[in-house]
Amino acid sequence: MKKLSVFAALAVLAALVTAATGAGQAAYKPASLEKAANTLVTCGTTRTIGIAYPATGPAASIGVLQFHWAQFFQTRWNKAHPKDKIRLVQGDTQLPNTAQALAVAHSFGSNASMLGLVGPAGSQEVQDTVAVYKAAGLAVVTGSASRVALSRGKPGDPRETPVNFFFRTVPNDGQQGERVAFWINKKLKKSRIYIIDDEESYSQGLADQVQTRLRAAGKTVTRDHVNQSVSDFSSLITRIPSSTQIVYIPWQLAGKAQIFYTQLRAAGKSAIVFGSDGLFAPGTFTGRGSYVSAFPVDYNSPVLKAYKRSHGGQEEAFGLPSYTAALVNAKAIMKACKNGTATRAEVRKNIIATKLTKAESLLGFPVSFVKKNTGAQLGAGDMALPADYGVYKIGNNGNYNRVG
Amino acid sequence: LTTYGALHQLPLLDIFDTIRQLGWGGAFELLRNGIVLGSLYALIALGYTMVYGILKLLNFAHGDVYMVGAFLGFGVLTALGGPLAPTIALVPLILLMFLGGMLGAGALGVVVERFAYRPLRNAPRIAPLISALGVSFFLANSALLLTQGQRYNYAAYELGGNVNTGQPGPLFEPAFNVLDRPVTVVQLLVVSTTIFLMVALTLVVSRTRLGKAMRATAFDREAANMMGIDTDRVIALTFFIASVLAGAAGVMFGLYIGETYYLMGFLAGLKAFTAAVVGGIGSIPGAMVGGLLIGVTESFAAGYVGGQWSDIVVFGILIAFMLLRPQGIFGTRAIQKV
């Protein structure tokens with residue numbers, strides 16, 4: 001009887017929690033967020049955009065790149081638009097610390113002067129915080145959250161973000177995965193592939209995409225995992241059979257990829273290393289003979305050259321989509337502010353209608369967002385015409401040469 | 001479960017499969033990797049154990065001193081032209097890196113002891129523990145501010161090598177092969193340097209006046225004071241030696257693995273702490289054995305079970321020891337306590 005009572009109490013408790021959670025999701029609108037969502041902001045000459053990125057924590061090294069690009073944009077924009085300046089407010093999400101990402105979301109959401117948002121950086125962060133941003137009326141415009149399901153659910157499954165509250169200036173994993181699998185299968189013609197994800201959302205998503213396509217093509221694919229915090233890959237490398245032809249590492253940290261490459265070679269293994277756009281980092285990942293998929297960015301563009309000059313000669317494109325995300329926000333806010341005031345709803349409406357030329361976006365292709373599921377990969381909020389990913393081969397002295 | 005196909009789904013059989021596939025050569029490779037990694041843990045663990053032995057303090061800032069040592073070694077390397085164009089020969093360059101990393105870390109250890117722990121000498125034991133956590137965050141975040149979170153690479157693979165042909169430098173040349181698996185020069189360097197430093201430390205503790213003073217202070221600080229031993233100085237020197245060892249580990253990590261990063265001290269510090277606890281905190285041989293045990297276990301777990309399991313296994317060992325033998329392997333019969 002006593003046991004029965006305990007079970008009954010637990011069942012009631014579980015039901016209450018479920019009901020409370022469900023109710024919370026259905027009507028998640030704290031007063032502070034709702035108030036900020038409906039505030040009519042007087043634009044003045046300086047408008048506020050939040051940037052949610054990992055300034056500290058294990059992913060700080062890539063978060064800093066995103067912030068540098070956004071800052072670079074801010075400087076250029078403010079110089080060109082003295083009456084429509086933007087101010088960036090930083091929020092440190094400490095990826096993968098979701099609690100911190102949520103804290104940033106609440107802080108940004110209730111900051112009534114904030115009209116736009118760049119970030120968050122990680123797919124999981126976006127999924128976990130988008131409800132808060134939606135309640136606050138802010139649209140997420142991320143430069144790196146690339147998981148397909150954020151914008152396009154599988155048949156029968158809903159997408160992970162609400163339509164018109166999620167946009168990305170980075171192609172999704174499906175697009176990159178398709179390109180990489182095609183390249184390994186048809187161009188390099190390799191059949192024994194070892195895929196290692198770094199247990200982060202970005203990496204797992206890409207690894208899944210490439211694995212599925214290569215297995216469907218009849219290739220021998222082995223899947224392995226390594227935590228992003230690991231620096232000594234020697235034991236992992238021991239697991240890789242000597243007959244492996246390609247090791248695909250869709251990681252975010254180029255420094256780790258370089259360590260992996262040197263340890264692979266030191267172990268006497270000659271498999272080709274193939275990395276994702278997170279590893280496009282000339283000067284950091286320099287493994288000769290390796291391949292990297294990345295945006296077809298024009299490094300001869302005067303803007304990219306200016307960025308390189310102002311950042312110690314470092315050629316870098318991982319953070320570039322954050323520049324584009326900031327531009328999307330700035331243009332939408334400027335348009336909304338034409339009459340001197342703006343609301344977040346107006347800004348969102350303008351984001352949906354974004355049109356950037358190839359020269360403006362810097363990504364190597366023009367940017368506009370699709371409004372509904374399109375083709376096999378895209379969902380509302382994805383870029384409509386992302387060019388094919390470029391494939392780069394790393395040559396002597398760490399030079400990146402585009403080969404496809 | 002009657003067919004091999006169904007049985008194959010069980011992770012345990014995956015492990016047996018991997019063991020079979022890797023063979024003796026793979027087993028040697030994992031052992032080699034584990035010994036190298038364990039040597040580094042052991043050096044850091046010695047710092048934990050020395051400080052605990054003398055002050056009964058878990059110095060959680062020790063992992064960050066190791067991180068600073070790694071950055072200082074990298075600073076010396078960069079100041080002398082960097083790995084691709086060093087301005088002096090390889091051997092003196094490496095010696096200078098060790099010197100810079102070890103002395104700098106040693107000095108930092110003394111400063112930390114002077115300002116964060118000495119004022120709390122007679123406070124309840126929780127106070128210096130909290131202070132240690134504070135110092136750890138202070139050092140890590142100072143490094144974050146200074147480096148902007150960037151990861152730096154010693155690029156020791158290229159050090160002295162040929163960039164045009166991709167030929168690695170002498171550190172990554174095989175010194176010899178066992179079962180067709182190479183043991184590189186840098187792996188030998190890490191293990192031999194660790195053995196040398198441990199022997200030197202053991203001699204200092206057992207054969208010198210300083211060592212005697214350290215043992216006396218560890219045994220009974222008040223009594224040692226009354227016998228005329230300057231215990232503050234002895235404690236400061238203990239911190240210096242512990243930090244010098246951490247600095248050496250930092251430089252060796254940089255040469256072997258390459259990566260230098262503001263958070264690198266956190267996980268390494270935790271694992272070294274685990275090694276010290278497993279070996280028997282306060283025991284010098286315990287730190288050595290614990291370090292090697294943790295390193296080898298981590299390596300075999302990563303190799304046979306999978307990288308995602310290695311930390312689970314390592315910290316599982318810590319929990320098991322805390323439950324079954326909290327005094328650690330050498331806890332009951334520690335010959336030397338400092």
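A quick note: this is a predicted structure, and the numbers were derived from the prediction, not measured.
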Between A/Asp232, A/Ile196, A/Val226, who has the most heavy-atom pairs with chain B when the cutoff is under 4.5 Å? A/Asp232
Answer with side chain, backbone, both or neither: which region of A/Ile62 has an atom nearer than 4.5 Å to a non-hydrogen atom of chain B? neither
Option that, when pairs with chain B are counted at under 4.5 Å, heavy atom only, ranks first among A/Pro241, A/Ser61, A/Pro54: A/Ser61
Examine A/Tyr202 together with A/Trp251 and report whether their ring centres are nearer than 6.0 Å. no
Is B/Ser299 in contact with chain A via its backbone, its side chain, both, or neither, using a 4.5 Å heavy-atom distance? both
Go through the steps to decide whether B/Tyr256 and A/Ser234 satisfy the test side-chain contact (heavy atoms from CB on, under 4.5 Å), and finish with yes or no. CA-CA 11 Å; B/Tyr256 175 51; A/Ser234 49; 3.9 Å; yes
Here's a test for you: under ring pair (Phe, Tyr, Trp, His ring centres under 6.0 Å), which of A/Phe285, A/Phe318, A/Tyr299 qualifies with A/Phe280? A/Tyr299
Select one option (side chain, backbone, both, neither) describing which atoms of B/Ile257 are under 4.5 Å from chain A's heavy atoms. both
Output, in order, the C-alpha distance, side-chain angles, deciding distance and verdict of side-chain hydrogen bond (donor to acceptor under 3.5 Å, both in side chains) for A/Thr238 and B/Glu29. CA-CA 7 Å; A/Thr238 301; B/Glu29 216 171 277; 2.8 Å; yes
Can you check whether A/His68 and A/Phe72 have ring centres sitting under 6.0 Å from each other? no
Counting only non-hydrogen atoms closer than 4.5 Å, does B/Tyr304 touch chain A with its backbone (N, CA, C, O), its side chain (CB onward), both, or neither? backbone
Does a donor on one side chain and an acceptor on the other come within less than 3.5 Å for A/Gln252 and A/Gln228? yes
Counting only heavy atoms closer than 4.5 Å, note whether B/Glu158 contacts chain A via side chain, backbone, both or neither. side chain
Which atoms of A/Val230 come close to chain B, meaning under 4.5 Å heavy atom to heavy atom: side chain ones, backbone ones, both, or neither? neither
Check whether the side chains of B/Thr184 and B/Gln187 place a donor and an acceptor atom closer than 3.5 Å, and report yes or no. yes
Establish, yes or no, whether a centroid distance under 6.0 Å links the rings of A/Tyr291 and A/Tyr392. no
Take atom CZ in B/Phe138; do more than 12 heavy atoms of anything else shown fall under 6.0 Å from it? no
Mark yes or no: B/Arg181 above the aromatic ring of B/Phe28, with NZ or CZ under 6.0 Å from the six-membered ring centre and no more than 45 degrees from the axis. no
Which portion of A/Asp224 sits near chain B, non-hydrogen atoms under 4.5 angstrom: side chain
Can you tell me which portion of A/Pro58 sits under 4.5 Å from chain B's heavy atoms? Options are side chain, backbone, both or neither. both
Okay, B/Pro168 and chain A: the region with an atom under 4.5 Å from a heavy atom over there is neither
Please flag which part of A/Ala59 lies under 4.5 Å from any non-hydrogen atom of chain B: side chain, backbone, both or neither. backbone
Heavy-atom cut-off 4.5 Å, strictly under: side chain, backbone, both or neither for A/Arg288 against chain B? side chain
Using heavy-atom distances under 4.5 Å, tell me whether B/Val183 contacts chain A through its side chain, its backbone, both, or neither. neither
Contact origin within B/Phe266 toward chain A - heavy atom pairs under 4.5 Å: neither
Which residue out of A/Thr286, A/Leu236, A/Leu253, A/Leu65 racks up the most heavy-atom pairs below 4.5 Å with chain B? A/Leu253
Among A/Ile259, A/Asn396, A/Asn227, residue most engaged with chain B (heavy-atom pairs, under 4.5 Å): A/Ile259
